[in-house]
Trainee: 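For reference, the structure I am asking about is given below.
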Amino acid sequence: MLLGPFKKSHDDLWNITIGEYEDLYYAWSYNSYLENRKMALLAAWLLNGSGNLKFPVNVEDLAGRWVDGQVMSEKQYREYIKQKIKKRKGGK
């Protein structure tokens, strides 16, 4: 993984720590998410502008949401928020 998308050499493998690798991975993942979001925005403009849909399409419907270092669908995001609220209220 380090040699491909991160464009690191074999010498860099000996000088990078696990924490730095993790930071690189999260930065690469977020950058990939932003690229997907750009394409989803264009697709939403095209779909909504066509006039053939009953309900408008949101960018989050197509690209998902970035939450705590991962991409979640709307359904996953709702469950995540419900669990977070339960934890805050004390698990009731």
Side-chain angles (χ1 to χ4, degrees):
M1 178 96 181
L2 282 175
L3 299 177
F6 297 149
K7 296 175 179 60
K8 297 291 181 186
S9 67
H10 287 284
D11 294 332
D12 293 333
L13 293 177
W14 296 104
N15 298 325
I16 193 167
T17 64
I18 300 275
E20 290 171 336
Y21 169 72
E22 188 177 21
D23 290 343
L24 283 172
Y25 174 73
Y26 281 126
W28 177 75
S29 296
Y30 188 67
N31 190 25
S32 175
Y33 168 73
L34 291 178
E35 289 296 321
N36 288 340
R37 190 167 166 81
K38 286 179 190 177
M39 288 190 211
L41 180 61
L42 178 61
W45 286 345
L46 291 172
L47 290 169
N48 292 332
S50 71
N52 295 329
L53 300 176
K54 293 182 181 179
F55 301 102
V57 175
N58 295 329
V59 175
E60 287 80 17
D61 295 338
L62 299 174
R65 292 181 183 259
W66 182 264
V67 182
D68 290 339
Q70 61 182 353
V71 179
M72 294 184 183
S73 67
E74 278 299 311
K75 185 176 180 181
Q76 291 171 331
Y77 181 67
R78 283 190 209 115
E79 290 299 318
Y80 173 78
I81 293 296
K82 285 179 188 177
Q83 295 299 323
K84 198 170 182 179
I85 291 171
K86 283 182 183 179
K87 281 184 185 178
R88 187 172 284 179
K89 287 186 176 181
K92 292 181 182 178

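Remember, it's a predicted structure, so these values are computed and weren't measured experimentally. Here, residue 1 is the first one in the sequence, and each next residue gets the next number.
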Trainee: Which value, rounded to the nearest 0.5 Å, describes the distance between E20 atom CD and D23 atom CG?
Mentor: 7.5 Å
Trainee: Just to verify, which of L47, N48, L41 counts as forming a side-chain contact (heavy atoms from CB on, under 4.5 Å) with W45?
Mentor: L41
Trainee: Sort out for me which residue in W28, Y26, W66 forms a ring-ring contact (aromatic ring centres under 6.0 Å, His included) with Y33.
Mentor: W66
Trainee: Do L42 and L62 share a hydrophobic cluster (ILVMFWY, side-chain heavy atoms under 4.5 Å, transitive)?
Mentor: no
Trainee: Considering only heavy atoms from C-beta outward, does the side chain of N36 approach that of V71 to under 4.5 Å?
Mentor: no
Trainee: Within the supplied structure, the quantity of interest is the number of heavy atoms (other residues, nucleotides, ligands) at a distance under 6.0 Å from I18 CD1; does it exceed 12?
Mentor: no
Trainee: Among Q70, Q76, E74, E60, find the one that has a side chain to side chain donor-acceptor pair (under 3.5 Å) with R65.
Mentor: E74
Trainee: Specify the closest pair of heavy atoms between V67 and Y80, including all atoms of both residues, with the distance to one decimal.
Mentor: CG1-CE2, 3.4 Å
Trainee: R37 and V59: which non-hydrogen atoms are nearest, and at how many Å?
Mentor: NH1-CG1, 3.4 Å
